[in-house]
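None of the values given here were measured: they were computed from a predicted structure.
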Amino acid sequence: LCPLGAQLTSDLGIKVITGLDPPVFVQPLDLVKNRMQLSGQGTKAREYKTSFHALFSILKNEGVSGIYTGLSAGLLRQATYTTTRLGIYTILFEKMTGADGRPPNFFLKALIGMTAGATGAFVGTPAEVALIRMTADGRLPPDQRRGYTNVFNALARITREEGLTTLWRGCVPTMARAVVVNAAQLASYSQSKQALLDSGYFGDDILCHFCASMISGLVTTAASMPVDIVKTRIQNMKTIDGKPEYKNGLEVLLRVVRSEGFFSLWKGFTPYYARLGPHTVLTFIFLEQMNRLYKTYVLDG
């Protein structure tokens with residue numbers, strides 16, 4: 001990767017360029033994913049058969065505004081997570097750049113990206129907790145809903161009713177997901193691109209980059225979803241008779257597999273991939289084009 005490309009990729013997110021994912025498009029996907037991951041929790045029958053069933057059910061029962069439940073939390077999550085991640089990445093990248101201007105090597109850039117992603121995830125966890133709870137509220141009976149009016153109301157009530165540390169509930173799986181996403185995107189894109197080029201059917205062009213990105217998006221989604229469902233369940237759990245529903249992430253995994261089946265770890269795959277897939281494609285196509293321009297006009301200019 002060239003220095004410019006490395007700086008632009010940050011932790012391999014196109015959000016380095018745009019700053020934020022567009023919440024108007026992302027929020028409904030987050031809502032459906034979270035509802036799917038909570039559907040059938042414990043011994044309950046699944047509320048939704050598929051992601052499309054979940055979407056239509058939400059629209060039918062909660063209206064169009066219902067699919068934007070938790071939008072304020074989504075905006076705060078993007079602001080806290082993205083700004084922290086980019087700031088940490090920029091600082092570490094500059095410190096690791098040699099005196100002669102030589103950028104860090106591939107593996108060091110990957111480590112910097114994962115470190116920045118994990119740090120940003122830690123800072124963004126309170127907004128993530130609020131988002132999970134707000135998007136989950138509509139699936140509960142009226143008397144069991146938390147009824148947060150906005151993200152700041154959610155943060156204040158969580159602090160007052162459950163303690164300050166509850167805002168960081170699930171921070172470990174949240175950080176783990178950020179690390180897994182970065183690592184999986186890096187490795188799977190590089191490997192997929194090389195395999196496509198070695199096949200003899202592809203040249204080093206946009207079509208190859210697109211196909212490799214789509215494969216990378218699938219691999220990244222599949223790799224990170226079990227961690228994501230752990231995060232969702234822990235952040236949404238309630239304390240019953242003074243005891244939390246789950247002790248740790250491992251218990252979540254075991255109970256999901258035992259009660260709901262092994263493949264339930266990938267519930268919500270469609271909306272998750274619908275978000276991550278295009279994100280991955282844009283990230284790597286943009287990166288490849290920037291690398292090509294850098295090589296043409298800077299290195300060979």
In the hydrophobic cluster built from side-chain contacts under 4.5 Å, what are the other members alongside I215?
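Its cluster mates, by chain and number, are V219.
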Considering residues at least two apart in sequence or located in another chain, which fulfil the salt bridge (charged side-chain N to carboxylate O under 4.0 Å, His left out) criterion with R157?
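Result, salt bridge (charged side-chain N to carboxylate O under 4.0 Å, His left out) vs R157: E161.
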Pairwise side-chain hydrogen bond (donor to acceptor under 3.5 Å, both in side chains) hits with a residue in residues 211-221, at least two apart
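Listed by first then second residue: S188-S216.
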Within one Ile-Leu-Val-Met-Phe-Trp-Tyr cluster: [X] and [Y], side-chain cutoff 4.5 Å:
| X | Y | answer |
| --- | --- | --- |
| L140 | Y148 | no |
| M36 | L55 | yes |
| Y273 | I285 | yes |

The criterion is side-chain contact (heavy atoms from CB on, under 4.5 Å); which residues satisfy it with [X], sequence neighbours excluded?
| X | result |
| --- | --- |
| A73 | A130, L131, M134, V151 |
| T166 | R133, I158, E162, R169 |
| A110 | M114, L186 |
| V172 | none |

Can you measure from CD1 (I58) to NE2 (H53) and round to the nearest 0.5 angstrom?
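One gets 10.0 Å once the value is rounded to the nearest 0.5 Å.
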Could you tell me whether K238 and E245 have a side-chain N and a carboxylate O separated by less than 4.0 Å?
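Between E245 and K238 there is no salt bridge, as every charged N stays at least 4.0 Å from the carboxylate O atoms.
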Which residues pass the side chain to side chain donor-acceptor pair (under 3.5 Å) test with [X], not counting sequence neighbours?
| X | answer |
| --- | --- |
| S224 | Y272 |
| D30 | R77, R275 |
| K231 | E128, Q235 |

Applying ring pair (Phe, Tyr, Trp, His ring centres under 6.0 Å), can you list everything that pairs with Y189, at least two apart in sequence or on another chain?
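For Y189 the ring pair (Phe, Tyr, Trp, His ring centres under 6.0 Å) partners, ignoring immediate neighbours, are F284.
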For a quick test of your reading: what N or O donor-acceptor pairs under 3.5 Å do the side chains of residues 201-208 make, sequence neighbours left out?
unit_1 : atom_1 : unit_2 : atom_2 : d
D204   : OD1    : H209   : NE2    : 2.7
D205   : OD1    : L207   : N      : 3.4
D205   : OD1    : C208   : N      : 3.1

